[in-house]
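A quick write-up on the structure given underneath.
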Amino acid sequence: SPAVQGSAAASDNCAVVSLDYSDSTAAGSGNICTLMYRTWKAQDLTGNMTTCVQVFSIQDTVKPAFTLLPNNLTVTCSDALVNPPAVDATDNCDADVDVTLQVDTINMAPGNCGLFSYTVRRTWTAIDNCGKTNVHTQQVVVTDLTSPAFLGMPDTITVKSADYPVNPDCTVPVSLDVSQYLSDCQPDSLIQIANTAPHGNGGTDISGNYTTGQYQIIFTATDACGNAGTDSITLIVIDNSVPTVVCNNNVVIALGTNGEGTIQPGDIDLNSSDNCGVDTMYLSQSVFDCQDLGQNAVTLTVVDVNGNSNF
């Protein structure tokens, strides 16, 4: 207002009857945001008029202010990367400040690890109509520091030979691939798996024909960032298949002069067998005397090397 910026003064030999003004604006340049032209008009009693122009150079020295300043974040590769928030800005001279967003990916780890370990840099720039700018940067650090895990993998698996067709080499088939239990933010294709099993593919699959016994199988999973996780399974392979007993059902013995007679398992056995091997054979009765004249039921029991018996 003229009270602040100053007023024009006019004089006339016949007296000034009016002194007023009108304002107009134009765009400035550089630090001058706006030019304001104040035109003063003075008029005397007879209608003579004169004008003068007062020029105001309006400078904008205040940059825009953001209404929201997103903080830096650190997330894991398992977390969903949230979208950038909406950021606005206010300004003392501009009612509609232009805010732009630039998103860059920086600090990527080497190789495939860089897909899961990197930094997202979000840069908001606010520009008012006088060219004053303000910049805010948010960095979202994505890390992969977690080792792969075998979630839900059983601690112990027991397989028994009687549940499968008999293998002549005293082995039991095992079918197991643990890839279903593998858990990591990286895909399975980027994870290296090793195990200590004597069979399988050396990775997630340990399938094969196992001899009886107990196996402690250790799995190691290493992702593209070098994070390594281990887990183990105790595999117990049991032979519970009984021997196949084949008997001679018609054995005749004669008592000796002492009134006694004996038989051995081999007198009754007709090539009884077991896929793991026969350990012992014994008879329910092997000594006979005059009290046993006639037919006698004799049982041949066959025991394999793992303690399974059949008769």
Specify whether Trp40 and Tyr21 have parallel, tilted or perpendicular ring planes, treating 30° as the upper limit for parallel and 60° as the lower limit for perpendicular. tilted

Mutual orientation of the aromatic rings belonging to Phe219 and Phe150 [parallel < 30°, tilted 30-60°, perpendicular > 60°]: tilted

Euclidean distance, [Y] [atom2] relative to [X] [atom1], rounded to 0.5 Å:
| X | Y | atom1 | atom2 | value |
| --- | --- | --- | --- | --- |
| Ile233 | Ile157 | CD1 | CD1 | 4.5 Å |
| Asn310 | Thr244 | CG | OG1 | 7.5 Å |
| Asn72 | Arg121 | CG | CZ | 12.0 Å |

Thr196 and Ile218: which non-hydrogen atoms are nearest, and at how many Å? OG1-N, 2.9 Å

Taking all non-hydrogen atoms of both residues into account, name the closest pair between Asn271 and Val246 and its distance. O-CG2, 4.5 Å

Would you tell me whether Cys130 and Cys93 have their SG atoms within less than 2.5 Å of each other? no

By salt bridge (Lys or Arg N to Asp or Glu O under 4.0 Å) - contacts of Asp20 (at least two apart): none

In the structure I gave you, are the side-chain heavy atoms of Ser117 and Val142 within less than 4.5 Å of one another anywhere? no

Using distance alone, with no hydrogens and no angle criterion, decide if Gln285 and Asn296 have a side-chain donor and acceptor under 3.5 Å apart. no

How about CZ on Phe288, more than 12 heavy atoms from neighbouring residues, nucleotides or ligands closer than 6.0 Å, or not? yes

Got more than 12 heavy atoms from elsewhere within 6.0 Å of CG, Asp96? no

